[in-house]
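First comes the structure, then the notes that go with it.
Note that the structure is predicted; figures quoted are calculated from it, not measured.
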Amino acid sequence: MIELSWGVSGMEVGCFFAAGANLLTPDWSLFVTVGVFLLVAYLLNTLVFKPVLAVLDERARLTSGFRQQLGDYDERLAEYEAALRAARVDAARIIQERRAAALQRRNELIESAKQSAAAEVAAATQALEAQVAAVKQTLTRDAEHLAASIASTVLGRQIGTPS
């Protein structure tokens, strides 16, 4: 059989694997191991876990406020985007209405200008016709006087001028 033992200060310390040792009966080294474990657990808890957990709790506390603010900002952003979409729709509607009104006004002005031009053309046509009639009368009278004058000269006697 295998016999394992360590010498510490001249005394023999057995281990669980020592030959002839009963594995079901613990010796005093179990208490030392449990004590060292509890000491290390206490030191780790005090020096590592509590500070790390405190930092994590503080971080969670701070970020929960930011997460709530982020949620509020998301809601406000959605409201602003909805308002912006509504404003764009209203702006497009207003632009369309004003464009239609401007086209209507343009058509009215064009029609008014056409009517005004037609009235001016009619007035000018009447004035021109009146002038043509007056010129015709003048030319007719002048032609008659000229014919009478030519006839008087050719005939050598006075011929009456038509009235």
What distance do [X] atom [atom1] and [Y] atom [atom2] have between them, rounded to the nearest 0.5 Å?
| X | Y | atom1 | atom2 | answer |
| --- | --- | --- | --- | --- |
| Arg141 | Thr138 | CZ | OG1 | 5.0 Å |
| Arg105 | Ser112 | CZ | OG | 8.0 Å |
| Thr153 | Gln158 | OG1 | CD | 9.5 Å |
| Asn45 | Leu38 | CG | CG | 12.0 Å |
| Thr33 | Phe31 | OG1 | CZ | 10.5 Å |

Contacts of Glu97 meeting salt bridge (Lys or Arg N to Asp or Glu O under 4.0 Å) (sequence neighbours excluded), chain-then-number -> Arg93
Hits for salt bridge (Lys or Arg N to Asp or Glu O under 4.0 Å) against Glu111, two or more places apart or cross-chain, chain-then-number order -> none
Applied to residues 114-126, the side-chain hydrogen bond (donor to acceptor under 3.5 Å, both in side chains) test, sequence neighbours excluded, yields none
Residue pairs passing the side-chain hydrogen bond (donor to acceptor under 3.5 Å, both in side chains) test with at least one member in residues 52-66, sequence neighbours excluded, are Glu58-Arg61
[X]: side-chain contact (heavy atoms from CB on, under 4.5 Å) partners, not counting sequence neighbours:
| X | result |
| --- | --- |
| Thr46 | Tyr42 |
| Arg76 | Tyr73, Tyr80 |
| Arg98 | Ile94 |
| Val36 | Val32, Val40 |

Excluding Leu84, membership of its hydrophobic cluster (Ile, Leu, Val, Met, Phe, Trp, Tyr; side-chain heavy atoms within less than 4.5 Å) reads none
The remaining residues in the hydrophobic cluster of Leu146, counting side-chain heavy-atom contacts under 4.5 Å among Ile, Leu, Val, Met, Phe, Trp and Tyr, are Ile150, Val154
Margin query: Applying a strict under-4.5 Å side-chain criterion to I, L, V, M, F, W and Y, I'd like to know whether Leu62 and Leu70 cluster together.
Written below: no
Smallest heavy-atom separation, Ser29 atom then Asp27 atom, equals OG-OD1, 2.7 Å
Residues at least two apart in sequence or cross-chain that pass side chain to side chain donor-acceptor pair (under 3.5 Å) with Glu108, listed by chain then number, are Gln104
Ignoring hydrogens and angles, write down the donor-acceptor pairs under 3.5 Å from the side chains of residues 128-137, residues two or more places apart or on other chains.
none

